[in-house]
Protein chains: 2
Amino acid sequence: MLMIDKLSSKPVYEQIIDEIEKNILLGIYPPESVLPSLRELSVTLSINPNTIQKSYTELTRRGIIKPSPGSGCYVSPNAKEMIRQNALQKLELIRTITEELQLAGISKEEILATVSAVYVHNDK
Amino acid sequence: MLMIDKLSSKPVYEQIIDEIEKNILLGIYPPESVLPSLRELSVTLSINPNTIQKSYTELTRRGIIKPSPGSGCYVSPNAKEMIRQNALQKLELIRTITEELQLAGISKEEILATVSAVYVHNDK
DNA sequence: CAAGTGTACTACTCGATATAGTGCACTTAG
DNA sequence: CTAAGTGCACTATATCGAGTAGTACACTTG
């Protein structure tokens with residue numbers, strides 16, 4: 001089940017993308033399996049079909065899912081690898097923020113500790 | 001001189017904040033010194049006075065500058081420390097992105113390397 | 001007093017987000 | 001073959017934040 005927070009500042013269509021990617025990575029949506037249809041998700045999430053379609057279009061552009069008009073949308077065989085490729089672009093964001101933090105006088109150790117803490121926390 | 005890119009996706013008022021903080025940290029705007037007036041910056045940067053005011057209001061909220069109606073805006077004595085305090089909140093953003101990267105299968109080492117590279121690069 | 005300062009206020013444009021509704025071509029199950 | 005379901009395209013509308021534009025007021029300074 002996808003968790004969507006309509007009150008969040010994060011656009012709904014981005015939340016849907018994140019949730020679907022999450023389910024793919026967790027194996028809930030295995031490769032080659034069929035995703036919920038646009039209209040089905042629209043009903044269960046009480047979200048306009050066009051918003052769902054925007055999410056699916058973006059997931060298609062990223063090579064994570066493959067739509068088959070008349071049949072449904074299917075998880076790409078190499079979906080997990082494509083998700084990883086797209087995530088790597090976020091490293092650029094990390095780099096930008098790090099530059100700002102450095103300029104503001106934040107030590108490298110403080111940032112490294114923050115990053116490490118995330119992995120330590122979820123490694124148990 | 002403040003560098004503003006009106007074509008950037010980053011809001012102009014945020015760019016102004018960043019540039020002023022940068023100049024304060026670099027000592028170009030020393031503590032207790034007076035900043036360019038709203039109208040002066042408006043003319044030199046060809047930006048609406050309200051946009052400049054929005055930046056100054058935010059800088060005031062952060063305790064980085066102190067406005068003196070009728071006189072001008074002055075750099076706070078402890079401006080650098082206030083900038084550092086506000087920057088620390090960006091660590092939370094680092095943490096959020098790190099969690100997403102972890103979920104996408106990005107190794108901790110890749111992120112740590114990205115962060116370290118920024119500091120190495122500017123240490124020369 | 002006059003000029004310059006920060007501040008407050010309203011009105012407008014613009015793009016992104018999201019909703020709403022309709023229609024079309026396709027695939028699939030009966 | 002038929003009907004249902006599918007992805008997809010299209011237009012229209014509403015909302016919100018960012019930014020622009022202009023005016024006015026109270027204050028400080030020379």
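Both A/Val12 and B/Pro67 sit near DNA chain C, but only B/Pro67 has its closest nucleotide nearer the 5' end. Residue A/Thr60 is the one, among A/Thr60 and B/Ser68, whose nearest nucleotide of DNA chain D lies closer to the 5' end (criterion: closest heavy atom).
Close to D/dT6, at under 4.0 Å from its OP1 or OP2, lies no side-chain N or O of A/Ser71. Applying the 4.0 Å criterion to OP1 and OP2 of C/dT17, one finds that A/Tyr13 has a side-chain N or O inside that range. When the side-chain nitrogen and oxygen atoms of A/Lys54 are compared with OP1 and OP2 of C/dT17, one or more of them lie within a distance under 4.0 Å.
Straight-line distance from the CZ atom of B/Arg61 to the P atom of C/dT7: 15 Å, rounded to whole Å. When the P atom of D/dC8 is taken as reference, atom CD of A/Glu58 falls 13 Å away, rounded to whole Å. Atom CG in A/Leu38 sits roughly 14 Å away from atom P in C/dT19 (whole-Å rounding). Rounding to whole angstrom units, CG of residue B/Leu7 and P of C/dG15 are separated by 13 Å. The interatomic distance linking B/Gln53 (CD) with C/dT10 (C1') rounds to 14 Å, in whole Å. We find that OH of B/Tyr56 is positioned 16 Å from P of D/dG19, with the value rounded to whole Å. To the nearest angstrom, C1' of C/dG6 lies 7 Å from CZ of B/Arg39. Rounded to an integer number of Å, the gap from OH of A/Tyr74 to C1' of D/dG5 is 11 Å.
At least one donor-acceptor pair under 3.5 Å links the side chain of B/Thr44 to the backbone N or O of B/Leu41. A donor-acceptor pair under 3.5 Å is absent between the side-chain atoms of B/Ser42 and the main chain of B/Asn48, judged by distance alone. Checking side-chain atoms of A/Ser76 against main-chain N and O of A/Asn78 turns up no donor-acceptor pair under 3.5 Å. Between the side chain of B/Gln15 and the backbone N or O of B/Asp5 there is at least one donor-acceptor pair closer than 3.5 Å.
Taking only side-chain atoms of B/Ser37, from C-beta outward, the nucleotide of D/dA18, C/dT5, C/dT19 with the closest atom is C/dT5. Set against C/dT19, C/dG6, C/dC24, the side chain of A/Asn48 has C/dT19 as its closest nucleotide. For A/Thr51, the side-chain atoms get nearest to C/dT19 when compared with the rest of C/dT17, C/dT19, C/dT7. When the nucleotides C/dT7, D/dG19, C/dT27 are ranked by their closest atom to the side chain of B/Pro11, D/dG19 comes out on top.
In the model, A/Ser55 has no side-chain atom that pairs as donor or acceptor with a side-chain atom of A/Glu58 under 3.5 Å.
The base of D/dG22 is paired with the side chain of B/Asn50 by a donor and an acceptor separated by under 3.5 Å.
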